[in-house]
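I have placed the structure first, in the form of structure tokens, so that the comments after it can refer back to it.
Every number for a ligand or one of its atoms is a count from 1 in the order of the listing. Only a predicted model underlies this, so the values are computations on that prediction, with no experimental measurement involved.
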Amino acid sequence: MDKQPSLKIYGLVGYPAKHSLSPLMHNAAFKALKINAKYLLFEKRPQDLENFLHSLTKENIYGLNITIPYKEKILDFVTLDKEFFYLRQIKAVNTIVLENGIWKGFNTDIPGFSKDLKENIDPTNKRVAILGAGGGARAVAYVLANAGAREISIYDIDKKKSKEAASMIKSLFVNFRISPVDNIEQLDINQKDLLINATPIGLKGTDPCLIKEEMLPKDLFVYDLIYNPAQTKLLSLAKKRGIRTSNGLKMLLYQGMLSFRIWTNKDAPQEVMWQALRGEN
Ligand code: NAP
């Protein structure tokens with residue numbers, strides 16, 4: 001009799017990580033394709049990350065998603081294929097897989113965000129304001145520069161981070177206009193076509209709304225990378241003004257489908273994963 005393949009573990013490592021809906025969609029996909037695997041949440045404090053990463057094979061972990069605040073730190077732990085060397089400049093890896101004893105790094109946020117954005121609006125020639133300059137924001141800025149946006153203004157509470165993000169993008173897209181700004185007012189949102197929240201502000205019900213209603217022009221598109229809660233204060237405010245919006249749920253789906261393919265070499269079952277995310281199965 002064939003030996004039963006042992007249970008493979010996948011998961012998400014971050015801090016915090018408990019808000020994530022990734023287990024729902026990946027476990028539904030494993031079940032639908034009869035793959036003997038489980039997706040778990042690993043909420044690890046910074047001081048515990050190193051030990052955790054060195055215990056992966058012992059714990060039967062074959063692949064992970066990486067979230068706040070470890071998308072940069074994980075670069076020290078992985079090898080990148082040549083076509084993904086630019087992730088060292090973007091400093092963001094969100095998916096790792098064990099391949100022939102080597103941990104390889106990928107970024108599925110980039111194609112995931114790109115696909116969902118383009119289903120909502122055409123980014124060509126758009127003027128964009130980005131809140132946040134962490135891993136998610138740098139993936140977003142890469143997509144926009146690559147897609148021919150006209151300009152980006154980027155703000156982070158940590159000025160050093162927005163400056164660094166701007167120079168990373170400039171090193172990859174030499175003539176692209178990206179300006180780090182010192183405060184939200186300087187984002188000039190009323191001159192923009194697209195506002196993107198890539199900060200974690202909005203994850204908690206007690207979080208403030210970073211934007212004031214009068215900053216939002218009526219023909220703006222507001223995209224919040226946060227998907228849980230489905231409607232952040234920012235999205236409520238925009239909707240109240242009749243502004244078009246999207247949360248990050250479809251981005252989560254698309255990046256998750258790509259991670260699933262990397263881990264299993266199988267096409268991800270989109271409908272099963274989408275229904276799981278929407279609580280429909
Ligand atoms: P990150 O690397 O920690 O970056 C977040 C950045 O926002 C940090 O630089 C942080 O600065 C900054 N920030 C915090 N509070 C701020 C404020 N009040 N004003 C301006 N900047 C502020 O996190 P990330 O991985 O980019 O994720 C950001 C958000 O996007 C999270 O909510 C995450 O869940 C979401 N996300 C969603 C998807 C999806 O598939 N939908 C994918 C990726 C990310 P400090 O570090 O100094 O606090």
Side-chain angles (χ1 to χ4, degrees), residues 12-26 41 43 46 65-75 87 90-95 106-117 119-120 129-143 153-166 168 180-187 189 195-212 215 223-235 245-260 273-274 277:
L12 173 75
V13 60
Y15 190 77
K18 293 225 164 81
H19 63 278
S20 173
L21 299 183
S22 289
L24 288 178
M25 68 172 162
H26 285 294
L41 290 179
E43 191 159 286
N65 283 134
I66 316 296
T67 189
I68 7 176
Y70 302 131
K71 285 181 186 173
E72 180 173 346
K73 217 168 256 172
I74 199 73
L75 275 159
L87 296 178
I90 305 281
K91 294 193 185 160
V93 156
N94 81 322
T95 301
F106 300 85
N107 188 314
T108 65
D109 283 339
I110 291 176
F113 172 73
S114 177
K115 182 166 162 60
D116 186 35
L117 181 72
E119 286 174 1
N120 280 291
I130 302 180
L131 294 164
R138 295 195 298 270
V140 161
Y142 178 88
V143 167
S153 303
I154 185 163
Y155 165 71
D156 194 285
I157 202 161
D158 180 345
K159 288 181 193 169
K160 214 173 101 215
K161 276 197 186 164
S162 37
K163 283 202 180 110
E164 276 171 11
M168 278 172 204
V181 300
D182 289 347
N183 55 56
I184 289 183
E185 285 69 29
Q186 287 176 5
L187 282 173
I189 297 169
L195 168 66
I196 298 173
N197 178 38
T199 74
I201 304 299
L203 280 177
K204 288 188 259 150
T206 49
D207 284 344
C209 184
L210 295 177
I211 301 298
K212 294 194 192 86
M215 291 176 174
Y223 193 110
D224 199 326
L225 263 63
I226 294 175
Y227 57 82
N228 188 16
Q231 186 147 305
T232 56
K233 285 179 186 156
L234 172 63
L235 293 187
T245 63
S246 175
N247 67 18
L249 197 63
K250 272 271 166 79
M251 174 182 175
L252 180 77
L253 171 72
Y254 293 146
Q255 64 76 30
M257 288 174 62
L258 294 162
S259 298
F260 186 91
M273 292 170 85
W274 183 236
L277 285 178

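In this structure, L210 is part of the shell of residues with a heavy atom less than 4.0 angstrom from ligand 1.
Between I226 and ligand 1, no pair of N/O atoms sits closer than 3.5 Å. Annotation: P69 places no N or O atom under 3.5 Å from an N or O atom of ligand 1; distance criterion only. An N or O contact shorter than 3.5 Å links G135 to ligand 1 by distance.
Taking CD1 of I211 as the reference point, atom CG of L187 lies at 7.0 Å (rounded to 0.5 Å).
For ligand 1, the atoms closer than 4.0 angstrom to any heavy atom of Y227 are 41 (N). Set against the non-hydrogen atoms of G136, the atoms of ligand 1 under 4.0 Å away are 24 (P), 25 (O), 26 (O). The distance from ligand 1 to the heavy atoms of G248 drops below 4.0 Å at these ligand atoms: 39 (C), 41 (N). For ligand 1, the atoms sitting less than 4.0 Å from at least one non-hydrogen atom of Y155 are 19 (N), 20 (C), numbered in the order shown with element in parentheses. Here is the list of ligand 1 atoms found below 4.0 Å of a heavy atom in K71: 25 (O), 43 (C), 44 (C).
Side chains of F113 and Q255 form no contact here, defined as non-hydrogen atoms less than 4.5 Å apart. With a 4.5 Å cut-off on side-chain heavy atoms, M215 and E185 count as touching.
Counting heavy atoms under 4.0 Å from ligand 1, residue D109 touches it through the side chain alone. Counting heavy atoms closer than 4.0 Å to ligand 1, residue M251 contributes atoms from both its backbone and its side chain.
Closest to atom 9 (O) of ligand 1, if we only count protein heavy atoms, is D156 OD2, 2.6 Å.
In summary, the side chains of T108 and N94 do present a donor paired with an acceptor at a separation below 3.5 Å, with no hydrogens or angles considered. Judged purely by distance below 3.5 Å, without hydrogens or angles, the side chains of N107 and Y142 never pair a donor atom with an acceptor atom.
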